[in-house]
Amino acid sequence: MQIVLIILITLFFGASTHNPFSGIHVDAQNDGFVISVEDASLSETIEEVCWSMKRPCHTENINEKTNLPPTFFKYDEWLEWLGNHYQIKFYPATQVFRSPTKTKHNLIKEAYKPSFQKPSELKKQLQKSLDPGSASFKDIDTLNILYMYAKPEKIIKIASDARKLDCQPAHILAKIDVVSVASEVLTDLGIDVFGTWLKLNHNQLLGLELLKKMTVLETQGQASYLAKPTSILLPNQKMIIKNLEKNKGITQPATLDLSMQFEFQGNDGILASFELKHVYLNNNQFTEHQFKNNAILVNNEVSLIGGLREKNNIYENHCFPWVSHIPILADLLCHTTTHNKDQVVLLFIHPQRLQRCA
């Protein structure tokens, strides 16, 4: 009884067919049907439409393959489309779709090995850019090859379009400098980082000028580079930098963690989302400084995008290495000094947008 009911409902409302192996999907509606086809046999596609529309038919001499994005057709429009694109004629008396031998297409096969895109992704882009039914494709990602089938007069342009679409994805070259500077040095230079860095124009001018002074300040012992990574990133790809610092004479290490990702904003803007974390170990206790924010950057401009103000107690051991292992001598000859360290950890970035698809 249930089987009979399903058949009656299908006959009354129309049918929907989907064959994942053939790549054909037909959804029959009251006044027509929606069809999508991916690199499937045209004769099989026609027969699926006939079945869905409850119009018995068969095909003769149809050997082509076809591709169609989701498209709505009335049945008469479907017959017209087959005639315009494939010269297929429908004979109502015999319910036959036939492609005459004298007008049968001779398709050219072209093989292309993409340099940047996956064949399956390149195939989707080509299908979107071409008229439905003007070409068919077969992608093999494992072999990195895309086969294209089209008429002789169209295959050259399709192959040219494939090369244009197979461009290097847009990406960002990020040059980053993480520098620690003594707070009094910034005060002597008349720079109030935390009062001005959020202003974009001043941010870029301040970043470029201050970065130029880092080498001189480093030689004077007033600044040091904690990290200087350079990375190539795709949009929204996260970069993570982890660095373990251990300076001579200082018993506790400090860890530096930096995570950053980018998005494109218009033609020249770049949105940077970042988190900077600096951790110290003092007397077996961790002191963590953290800074998290977003900043709008300009392509190919050096910017100072933030900083951490840090005040830590630094403990230094003063002892000869061989003495520290002798209990009594270590107590007599070794000692630890404590001093306060007031510094600012600055984050500079120089982003460059590279290679945009045409």
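Please read these numbers as outputs of a predicted model, since none were measured by experiment. Nothing fancy with the numbering, it's 1 onward along the sequence.
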Item to check | Non-hydrogen atoms of Met214 and Ala223 that approach each other most closely | outcome: SD-CB, 4.3 Å
Checklist entry - Of the non-hydrogen atoms in Pro229 and Ile241, which two are nearest, and what is the gap between them? => result CB-CD1, 3.8 Å
Checklist entry - Is there a donor-acceptor contact under 3.5 Å from the side chain of Asp166 to the main chain of Ser115? => result yes
Next on the checklist: With a 4.5 Å cut-off on side-chain heavy-atom distances among I, L, V, M, F, W and Y, is there a chain of contacts connecting Leu143 to Phe116?
Outcome noted: no
Checklist outcome for this item: Closest non-hydrogen contact found for Ala28 with Ser52 is CB-O, 3.6 Å
Checklist outcome for this item: Separation between OG1 (Thr45) and CD (Glu47), nearest 0.5 Å, reads 9.0 Å
Checklist entry - Does the side chain of Tyr86 reach to within under 4.5 Å of the side chain of Ile46, using non-hydrogen atoms? => result no
Checklist entry - Hey, mind stepping through Glu64 and Tyr149 against side-chain contact (heavy atoms from CB on, under 4.5 Å) and telling me if it holds? => result CA-CA 10 Å; Glu64 293 88 345; Tyr149 305 86; over 6 Å; no
Checklist entry - Distance-only, no hydrogens or angles: does the Thr142 side chain make a donor-acceptor pair with backbone N or O of Ile140 under 3.5 Å? => result no
Item to check | Beyond-backbone contact of Gln237 with His171, side-chain heavy atoms, under 4.5 angstrom | outcome: no
Checklist entry - Should we count OH of Tyr147 as having more than 12 external heavy atoms under 6.0 Å? => result no
Next on the checklist: Treating Asp141 as the side-chain partner and Lys118 as the backbone partner, does any N or O pair qualify as donor plus acceptor under 3.5 Å?
Outcome noted: no
Next on the checklist: Are Arg98 and Lys89 packed together at the side-chain level, in the sense that at least one heavy-atom pair is separated by less than 4.5 angstrom?
Outcome noted: no
Checklist entry - Below 4.5 Å, heavy atoms only, C-beta onward: do Met260 and Ile349 meet side chain to side chain? => result yes
Item to check | Residues Phe73, Leu68; criterion side-chain contact (heavy atoms from CB on, under 4.5 Å); working and verdict | outcome: CA-CA 12 Å; Phe73 287 101; Leu68 263 176; 4.2 Å; yes
Checklist entry - CG of Asn300 to NZ of Lys175: how many Å apart, nearest 0.5 Å? => result 8.5 Å
Checklist entry - How far does CG of Asp177 sit from NE2 of His350, to the nearest 0.5 angstrom? => result 10.5 Å
Checklist entry - Can Val344 be reached from Tyr225 by stepping across I, L, V, M, F, W or Y side chains whose heavy atoms are under 4.5 Å apart? => result yes
Checklist entry - Taking the six-membered ring where the residue is Trp, are the ring centres of Phe33 and Tyr75 under 6.0 Å apart? => result no
Checklist entry - Should we count CD1 of Ile156 as having more than 12 external heavy atoms under 6.0 Å? => result no
Item to check | side-chain contact (heavy atoms from CB on, under 4.5 Å) assessment of Phe97 paired with Val49 | outcome: CA-CA 12 Å; Phe97 288 86; Val49 170; over 6 Å; no
Checklist entry - Given the rule that I, L, V, M, F, W and Y join up when any side-chain heavy atoms are under 4.5 Å apart, are Val37 and Val34 in one cluster? => result no
Checklist entry - Do Leu276 and Ile240 share a hydrophobic cluster, counting only Ile, Leu, Val, Met, Phe, Trp and Tyr and linking them when any side-chain heavy atoms are less than 4.5 Å apart? => result no
Next on the checklist: I'd like to know if the side chain of Ser99 pairs up with that of Asn61 as donor and acceptor (distance under 3.5 Å, no hydrogens or angles considered).
Outcome noted: no
Item to check | Closest approach of Leu130 to Ser134 (non-hydrogen atoms, all atoms of both residues) | outcome: CB-OG, 3.6 Å
Item to check | Residue pair Leu226 / His278, side-chain heavy-atom distance below 4.5 Å | outcome: yes
Checklist outcome for this item: NZ of Lys138 to CG of Leu146, rounded to nearest 0.5 Å, is 11.5 Å
Item to check | Verdict with supporting geometry, Trp78 and Met53, side-chain contact (heavy atoms from CB on, under 4.5 Å) | outcome: CA-CA 12 Å; Trp78 170 244; Met53 298 299 292; over 6 Å; no
Next on the checklist: Just verifying a value: how many Å separate Lys154 NZ and Lys157 NZ, rounded to the nearest 0.5 Å?
Outcome noted: 10.0 Å
Checklist entry - Do Leu126 and Phe137 come close enough that some side-chain heavy atom pair is under 4.5 Å? => result yes
Checklist entry - Looking at Ile24 and Ser41, what are the two nearest heavy atoms and their distance? => result CD1-O, 4.4 Å
Checklist outcome for this item: Interatomic distance, CG@Asp139 vs CG@Asn144, rounded to 0.5 Å, equals 11.0 Å
Item to check | Note, Met148 side chain near Ile155 side chain (heavy atom, < 4.5 Å) | outcome: yes
Checklist entry - What heavy-atom pair brings Leu122 and Ala162 nearest, and what distance separates the two atoms? => result CD1-O, 3.8 Å
Item to check | Side-chain heavy-atom pair Leu42, Ile88 within 4.5 angstrom cut-off | outcome: yes
Checklist entry - Cluster question for you: counting only ILVMFWY and a side-chain heavy-atom cut-off of under 4.5 Å, with indirect links fine, are Leu234 and Leu354 together? => result no
Next on the checklist: Treating Asn299 as the side-chain partner and Arg353 as the backbone partner, does any N or O pair qualify as donor plus acceptor under 3.5 Å?
Outcome noted: yes
